[in-house]
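Here's the structure, in structure tokens; my notes come after.
Just so you know, these numbers use all the heavy atoms, side chains as well, and skip hydrogens, waters and symmetry mates.
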Amino acid sequence: MLFNSLSFAVFLPIVFALYWFATNTHLKRQNILLLVASYFFYACWNWHFLFLLLSSTLLDFYTGIKMQETQNLKTKKAWFWISVGVNLGFLGIFKYYNFFAASWAQFMAGFGWKIHPIMLQVVLPVGISFYTFHGLSYVIDIYKNRIQAERNFVNYAVFVSFFPLLVAGPIERATHLLPQIKKQRVFNAAMASDGLRQILWGLFKKMVIADNCAAMADLIFDHSAQYSGSTLVLGALLFSFQIYGDFSGYSDIALGTARLFGIDLLRNFAFPYFSRDIAEFWRRWHISLSSWFRDYLYIPLGGSNGSVWLKVRNTFIIFLVSGFWHGANWTFIVWGLLNALYFLPLMLTRKNRQNMQIVALGKTFPSLREFLSILLTFSLTVLAWIFFRAQNLSHAWQYVSGIFSNSLWSVPRFEGMKNTGLLLLLLLVFIWIEWMGRAEQYAIEKIGLNWKRPIRYAFYYLIIVVIWWWGGKEQQFIYFQF
């Protein structure tokens, strides 16, 4: 069930009405309803994988209690590693086994030894990387004595499987979400209204920006050998806006939907394409994942403390693991490596925290220096996205080589070129709205709130009309594959 589908447009109002009216704001009933709705939502993808989700949830719930109860450190550690091992085992089998098996066969073939590994014919369960990380953060926090184990299974299961975040995040923490699940919730009209605005903007980003960019980016990437360097640059730019509109659009819809039910989720995007360096970009892109790796991997490894070698090692580990988290393909690892190389000079010169404030705050336009910094950062990001999007490493190298050729200075041309004029206009409007709203949680959070009601609602209806008229062909969200 896609957020941008008719089925979700029917599902959400039904759950909303039952949640606020049929349960009579009874907390236990509300949570049971959320759990049932979340499992139904997930079952719409593939009901067979409900057993995997339930197994992971039961495992972490039970091991959390056992770690809490034991006074023996060895026993506590044993339960901890059982949970971590099984969770990573599930992830490894479904997501990474075939990759490692094929890579090992290719490696051995280089020595003249032909092996034929057994390949698993399995479908990657949607959302497995996200709900696995929910559970891992929970058991790690219990092991580190940061939180108490939850003893109400329904509460914990809702934390893991809450349907707005279940299949593509944000990656929540028990310290943030569980207290909200256990707290009495009453309807808040202002919060719900804000949620609807965020859903609206998320749908615009996904259906108008991402899906229209996808149609042209796919055409260029899938036939990249046929096109000039300038056309390949256009394709990379279109994919950059596709992945941003797609994933940040999903996050906006998820956060807005959660607010309809009186729950605040972690922010996942903070206008990353307006970043002045790569360090700032990673503080603003997929925030819940970046902060997860920072807190549960980077800092335990020593973070930015210690010798220069340790700092360099930790930087490469965090980015390579982040790349590998996204998918079982060498392209994602190279993507992570590139970002590590981008980040390293900032870290070594201690400039990785120099841009902590919003760019050009209180100003209409950035300074020339800020603009050039944004342009450079965005250009490096676009280059890295080529590896993220490419089918394999040879495709990525062919694409990059095609850009840096004599045809780079030619006029872009491809089959769908006649439709780019309107899309580029929509992109310019989109960028301007995002820029004007960069100090808020999402771009249109405050736009129009002080306008007269007819004008304000005309603005919202205009967005709806644009979505209806120019929304691209319904497509699955990119991050569902991770």
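Exactly one residue among Ile253, Asp252, Ile464 makes a side-chain contact (heavy atoms from CB on, under 4.5 Å) with Leu200. That residue is Ile464. Phe387 pairs in a ring pair (Phe, Tyr, Trp, His ring centres under 6.0 Å) with only one of the listed residues (Tyr399, Phe332, Trp397, Phe221), which is Trp397. Results of the side-chain contact (heavy atoms from CB on, under 4.5 Å) test with Tyr250 over Asn268, Val167, Leu255 single out Val167 as the only residue that passes.
To the nearest 0.5 angstrom, Tyr19 atom OH is 9.5 Å from Thr25 atom OG1.
Heavy-atom contacts from other residues, nucleotides or ligands closer than 6.0 Å to CZ of Arg353 number 12 or fewer. In this structure, Phe40 places its CZ atom where only 12 or fewer heavy-atom neighbours from other residues, nucleotides or ligands lie under 6.0 Å away. For Trp20, the CH2 atom counts as densely surrounded, since its 6.0 Å shell holds more than 12 non-hydrogen atoms of other residues, nucleotides or ligands.
Looking at Gln68 and Gln148, their side chains do bring a donor and an acceptor atom within 3.5 Å of each other.
Relative orientation of the Phe241 and Phe378 rings is tilted, given thresholds of 30° and 60° on the angle between their planes. The aromatic rings of Phe41 and Trp45 sit perpendicular, their planes meeting at an angle over 60°, well past the 30° parallel limit. Ring orientation note: the planes of Phe130 and Trp325 are nearly perpendicular, at an angle over 60° on the 30°/60° scale. By the 30° and 60° cut-offs, the orientation of the rings of Trp385 relative to Trp335 is parallel. Classification of the Tyr138-Tyr156 ring pair by plane angle, with boundaries at 30° and 60°, yields tilted. Between Phe269 and His286, the angle of the ring planes stays under 30°, which puts this pair in the parallel group of the 30/60° scheme.
Both tests hold for Lys76 against Tyr143: distance to the six-membered ring centre under 6.0 Å, angle to the ring axis within 45°.
Look at Lys205 and Asp246 and you find no salt bridge, because none of the NZ, NE, NH1 or NH2 atoms lies under 4.0 Å from a carboxylate O. A salt bridge links Arg389 with Asp218; the closest basic N to acidic carboxylate O contact falls under 4.0 Å. Checked for salt-bridge contact, Glu280 and Arg284 meet the test: a charged N lies under 4.0 Å from a carboxylate O. Using a 4.0 Å cut-off between charged side-chain N and carboxylate O, Asp141 and Lys144 make no salt bridge.
Using modelled atom types, one side-chain atom of His134 and one backbone atom of Glu172 make a donor-acceptor pair closer than 3.5 Å. Side chain of Tyr273 to backbone of Ser240: a donor-acceptor contact under 3.5 angstrom is found.
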